[in-house]
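Just so you know, these numbers use all the heavy atoms, side chains as well, and skip hydrogens, waters and symmetry mates.
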Amino acid sequence: MLHPSSLKKAFCFIAFCFGLFQINGLAQFYNNGGIISVTTGGVLYADMEINNVSTGSITNEGDITTTKSFITDPAASLSGNGTYHVQGNFMNKGTYNAGTSVLEMYGNKNSKLKNETGEIYQLIVNKSANKNVILQGPDKILNKVTFTTNKNYIKLGNYVLTLDDNCIVDGFSNYRYFITDGDGFLKKLNVSSTGFTFPVGFDKYTYNPITLTENGTADDYSVRCLEHALLQGSTGSPISNGGIDAGWYVEQANSGGANVDILAQWKSSDELTGFDKTHCEVVRYKNTAWDYDISKEAAAAGGLFRTVSTSGFSNFGYITVLSTATPTFGNTFSPVNKSANNINAAQIKVYPTLVQNFVNVDILQNTKNIQKMNITISDGAGKVVWQKQDVDFQSQHLTLPYLAQGVYFVNVYFGTEKFVQKIVVGR
């Protein structure tokens with residue numbers, strides 16, 4: 001254990017030692033009640049986990065890099081306007097005076113982010129492809145979130161990530177966005193007439209950004225992207241005729257005074273049977289029906305990715321895009337493949353579709369030499385109720401936990417592809 005109570009002296013020499021000796025090969029670097037000051041232009045590099053414990057104090061006006069995790073205990077503190085480069089997890093329970101500092105999550109590992117105190121000024125996501133930042137608690141970004149690399153995502157899970165009223169999101173695209181596959185939200189403070197785009201998707205195969213422009217009283221809005229739009233908004237089977245295979249849940253902080261334009265985006269392959277892109281609109285589920293208004297119909301713009309804008313929203317909740325006032329659920333539901341490649345339907349079979357205690361996933365062929373797959377089961381609202389991660393890409397017999405009767409979906413992710421099969425749990 002290292003006790004650097006006076007490391008602020010001769011800092012350049014200290015930084016050199018870190019790089020040369022890696023703190024004598026220790027697995028963790030402990031600042032146990034000491035004071036560390038990284039001056040402007042100074043660099044602290046640690047090929048190990050940094051633990052700021054006890055009453056430890058770190059002031060960073062330069063650059064601190066760790067190839068592992070950065071952890072701060074409740075009585076410890078961080079301050080300064082420098083940059084933190086963290087390849088592992090950033091877990092802060094202490095005092096965090098972020099100033100104008102930058103937190104960059106980089107490298108070839110997934111990173112967990114839990115900042116229990118203070119606020120992050122600027123967050124940069126600079127991970128290797130398919131390595132993500134995973135939120136472990138509610139957090140707030142003051143200035144900017146920047147995505148730098150394709151196939152980088154911030155997964156919100158069941159938590160709310162709040163963007164301050166002046167915060168922007170830079171570098172987002174259909175390969176760089178916020179995943180909302182739990183009960184969490186992306187929240188933006190003070191949405192106004194300048195509008196704000198919420199770059200969200202349900203998973204790494206589904207990108208459905210939505211833009212809110214508040215023409216009434218500026219307010220705070222929260223958005224979650226859903227896997228499907230359901231016939232009764234929050235319940236029922238997924239819409240399979242007359243709409244798109246995408247939906248959102250939108251919350252307003254203060255009721256009243258809203259006059260919002262909503263611009264919704266979807267992929268053309270998400271368009272379901274009976275959907276007419278030349279006569280469609282953004283709609284909200286109101287009371288017992290979707291509030292489709294034929295006078296607001298418009299032609300969607302775009303090709304591979306389409307958009308349509310509808311104005312005059314004063315209330316919110318479940319949102320989707322329809323081209324009919326009465327969307328339906330067919331006898332069979334075949335969710336659109338949202339993957340980057342086309343799925344060979346003969347490649348996977350899920351059975352039985354009337355389920356009690358188990359389900360089989362048969363891999364009928366493997367023409368691409370895929371090694372691993374992830375399997376999840378989601379309910380009608382898109383919530384994951386069971387999962388099995390990183391299993392061999394071969395036939396699986398899955399014993400399920402107790403599930404209430406109803407409609408569920410078996411989602412099989414492999415390579416860059418996704419296969420979905422509806423099942424019905426009966427008792």
**Other residues, nucleotides, ligands: >12 heavy atoms within 6.0 Å of Lys372 NZ** = yes
**Request:** Please confirm whether Phe178 and Phe185 have ring centers closer than 6.0 angstrom.
**Result:** no
**Prompt:** Can you tell me if Asn360 uses its side chain to pair, donor with acceptor, with the backbone of His397 under 3.5 Å?
**Reply:** no
**Item:** Close aromatic pair by centroid cut-off 6.0 Å: Tyr221 and Phe198
**Value:** no
**Asked** Of all residues at least two apart in sequence or in a different chain, which pass the side-chain hydrogen bond (donor to acceptor under 3.5 Å, both in side chains) check with Asn150?
**Response** Arg176
**Where at least one partner belongs to residues 120-142, residue pairs that pass salt bridge (Lys or Arg N to Asp or Glu O under 4.0 Å), sequence neighbours excluded** = Glu119-Lys140, Lys140-Asp164
**Asked** Considering all heavy atoms of both residues, which atom of Val412 and which atom of Ile348 are nearest to each other, and what is their separation?
**Response** CG1-CD1, 3.8 Å
**Prompt:** Mind checking what makes ring-ring contact (aromatic ring centres under 6.0 Å, His included) contact with Tyr408, not counting sequence neighbours?
**Reply:** none
**Complete:** With sequence neighbours left out, the residues meeting side-chain contact (heavy atoms from CB on, under 4.5 Å) with Phe275 are Ile244, Trp266, Glu271, Lys277, Cys280, Val321, Ser323
**Message:** Between Asp220 (side chain only) and Asn190 (backbone N and O only), is there a donor and an acceptor less than 3.5 Å apart?
**Reply:** yes
**Message:** Strictly distance-based, threshold 3.5 Å: is any side-chain N or O of Ser111 a donor or acceptor partner for the main-chain N or O of Gly88?
**Reply:** yes
**Message:** Tell me which pairs pass side-chain hydrogen bond (donor to acceptor under 3.5 Å, both in side chains) where either residue lies in residues 87-105, with sequence neighbours left out.
**Reply:** Asn81-Thr100, His85-Glu104, Asn92-Asn115, Asn92-Thr117, Glu104-Asn126
**Message:** So does Leu231 get a backbone contact from the side chain of Trp290, meaning a donor-acceptor N/O pair under 3.5 Å?
**Reply:** yes
**Request:** Kindly give the heavy-atom pair with the smallest separation between Lys144 and Cys167, and that separation in Å.
**Result:** N-SG, 3.6 Å
**Prompt:** Can you name the closest pair of heavy atoms from Val223 and Thr180 and give their distance?
**Reply:** O-CG2, 4.4 Å
**Item:** Nearest atoms (heavy-atom pairs only) where Ala264 meets Ile210
**Value:** CA-CG1, 4.5 Å
**Item:** Non-neighbouring partners of Ala289 that pass side-chain contact (heavy atoms from CB on, under 4.5 Å), sequence neighbours left out
**Value:** none
